[in-house]
2 protein chains.
Amino acid sequence: MQTFAANAPMPVVRRLPKYHKYLKELLEEGVTKISSKELSLRMGSTASQIRQDLNYFGGFGQQGYGYNVSELIVAIEDILSIHEVYRCIIIGAGNLGKAIRNYIANLDGNAKILAMFDVDASKTQEKEGQLPVYHTSRLKEYMRGHEVDVAILCVPKSSGVRAAEEVIGGGIRAIWNFTTADLPQTEGIVIENVAINESFYVLTYLLSEKMQNKT
Amino acid sequence: MQTFAANAPMPVVRRLPKYHKYLKELLEEGVTKISSKELSLRMGSTASQIRQDLNYFGGFGQQGYGYNVSELIVAIEDILSIHEVYRCIIIGAGNLGKAIRNYIANLDGNAKILAMFDVDASKTQEKEGQLPVYHTSRLKEYMRGHEVDVAILCVPKSSGVRAAEEVIGGGIRAIWNFTTADLPQTEGIVIENVAINESFYVLTYLLSEKMQNKT
DNA sequence: GCTACATTGTTTTATATTTAACAATTTGTA
DNA sequence: TACAAATTGTTAAATATAAAACAATGTAGC
């Protein structure tokens, strides 16, 4: 059993899911072994980077041979703890919350959504799909009774920080933040931001840049 | 009128929307001027980085004074071309497509969604919200008749690349990619990826790392 | 108008990340 | 068994990014 140093730089960590995806594709194609060179050609990266990235976590390859595809997949899944199922609650049952709920439900991932919460009492009437929607006032109580790993924040910007404080108060250790709010760094709490609106601004920046170049 | 060198590194560009957000908040609070030092304290960054980032695009501040909040907002909006309205079509009217449509509709952004497309004929019956849903076979024809700036890809992974090729064939210049597919770099086409699933893997990685540290 | 202070724009230094180079090791073949 | 080819793990060099330092410039008070 491998243990990893866990001090890999974030750019490296963020590339791991991509390696995983390409390796799964190779597996489906029936490819059993791959060299860093071949993989780099597929992915449009460099062989050197692939080798160095993987070596932050261990030596998964064999000299003169390359990497065994299925073994490497397992190794990366271990590193990312993809096999574990993470119990999630969604805070905010509006457009965004429903969207994320639907999206995740149809993804064959390791995020299991237990319940949704909303401040709007009318939303708690509905049973969103198969999921119960509770009033936010019952959040603390719920978290005492159920083990929850991840809170998925889907509230409006104005209540983002408050919602984060509430789930942290309830003992959450990880927040997947889809709001436009900037959550304060908190000791011991993992925060992963998905800044969709910022992403669009980057796109329009690149687009306008491209337009200028065209002229 | 300012013109920018447009050769700023991507990490800098990706920070601009964050500056914009914080400045808008300051404006709401009635703050008219801000120094890089003060702003860095709010944002949890460094004054040096803020000054250097902004100086890739021009000197927006004044020595001994700082930055005029509203002027700087306008400058950043110019850089990101936030004022322009971008005409978008959504490819894929499933869970993800609907989700994004709802999310964007309720965001006061500069993305205007004109129509949705789907291969599933049954989906074309519905009028999603106020938006028409066309069969994908009519995509080329639609793009000939309407000026479209951005294609928002919300199809399953398996049809991601094909969908991209279709909109590129129709003359699109920018793709906002919400699929898990890795789209090939294409000369002259701007591609901005929102890899939600990868984001979750990073979160679980950090979470498991934290768990290990706790023991 | 002069002086002390504040704060930028810019240069220099430090750090982080990526790429290249290469020695070590395994595979496969004769 | 010996040798050539392949390919890793790892070290070194190059590049990119961030932070610190500082000179230039403007502000504000007296």
Considering only distance and modelled atom types, tabulate donor-acceptor pairs under 3.5 Å from the side chains of residues 174-182 of chain A, sequence neighbours left out.
residue, atom, partner, partner atom, Å
A/W176, NE1, B/S199, OG, 3.0
A/N177, OD1, A/T179, N, 3.0
A/N177, OD1, A/T179, OG1, 2.7
A/N177, ND2, A/A181, O, 3.1
A/N177, ND2, A/N193, OD1, 2.9
A/T179, OG1, A/A181, N, 3.0
A/D182, OD2, B/Y22, OH, 2.7

> With the sugar-phosphate defined as primed atoms, P, OP1 and OP2, and the base as all remaining atoms, what B/S/- string results for nucleotides 14-30 of chain C, 5' to 3', for protein heavy atoms under 4.0 Å?
Replying inline: ---SBBBBB-BBBS---

> Listed by chain and number, what are the salt bridge (charged side-chain N to carboxylate O under 4.0 Å, His left out) partners of A/E25, not counting sequence neighbours?
Replying inline: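 Partners of A/E25 under the salt bridge (charged side-chain N to carboxylate O under 4.0 Å, His left out) test: B/K157.
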
>> Checking A/R15 now: which residues fulfil salt bridge (charged side-chain N to carboxylate O under 4.0 Å, His left out) with it, not counting sequence neighbours?
In response: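 Partners of A/R15 by the salt bridge (charged side-chain N to carboxylate O under 4.0 Å, His left out) criterion, ordered by chain and then number, come out as A/D53.
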
>> What residues from residues 17-42 of chain B pass a heavy-atom cutoff of under 4.0 Å to DNA chain D?
In response: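 Heavy-atom contacts with DNA chain D come from no residue of residues 17-42 of chain B; none.
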
Does any pair with a residue in [range] pass salt bridge (charged side-chain N to carboxylate O under 4.0 Å, His left out), and if so which ones, sequence neighbours excluded?
range: residues 31-51 of chain B; value: B/E29-B/R42
range: residues 61-75 of chain B; value: none
range: residues 195-205 of chain B; value: A/K18-B/E198

> With sequence neighbours excluded, what pairs up with A/Y142 under the ring pair (Phe, Tyr, Trp, His ring centres under 6.0 Å) test?
Replying inline: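 For A/Y142 the ring pair (Phe, Tyr, Trp, His ring centres under 6.0 Å) partners, ignoring immediate neighbours, are A/F117, A/Y134, A/H146.
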
>> Using only atom types and a distance under 3.5 Å, with no angle test, would you say the side chain of A/T186 pairs donor to acceptor with the backbone of A/I189?
In response: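 Not a single qualifying donor-acceptor pair exists.
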
> Which nucleotide of DNA chain D is the first, and which the last, in the 5' to 3' direction, to come under 4.0 Å of a heavy atom belonging to chain B?
Replying inline: D/dT17 to D/dT27

> With A/E166, which residues qualify under side chain to side chain contact (heavy atoms under 4.5 Å, CB included), at least two apart?
Replying inline: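 Residues passing side chain to side chain contact (heavy atoms under 4.5 Å, CB included) with A/E166: A/T136, A/L139, A/R162.
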
>> Under the rule for side chain to side chain contact (heavy atoms under 4.5 Å, CB included), what residues qualify as partners of A/T32, not counting sequence neighbours?
In response: none

> Within this structure, what is the CG-to-C1' distance between B/L54 and C/dT7, rounded to whole angstrom?
Replying inline: 14 Å

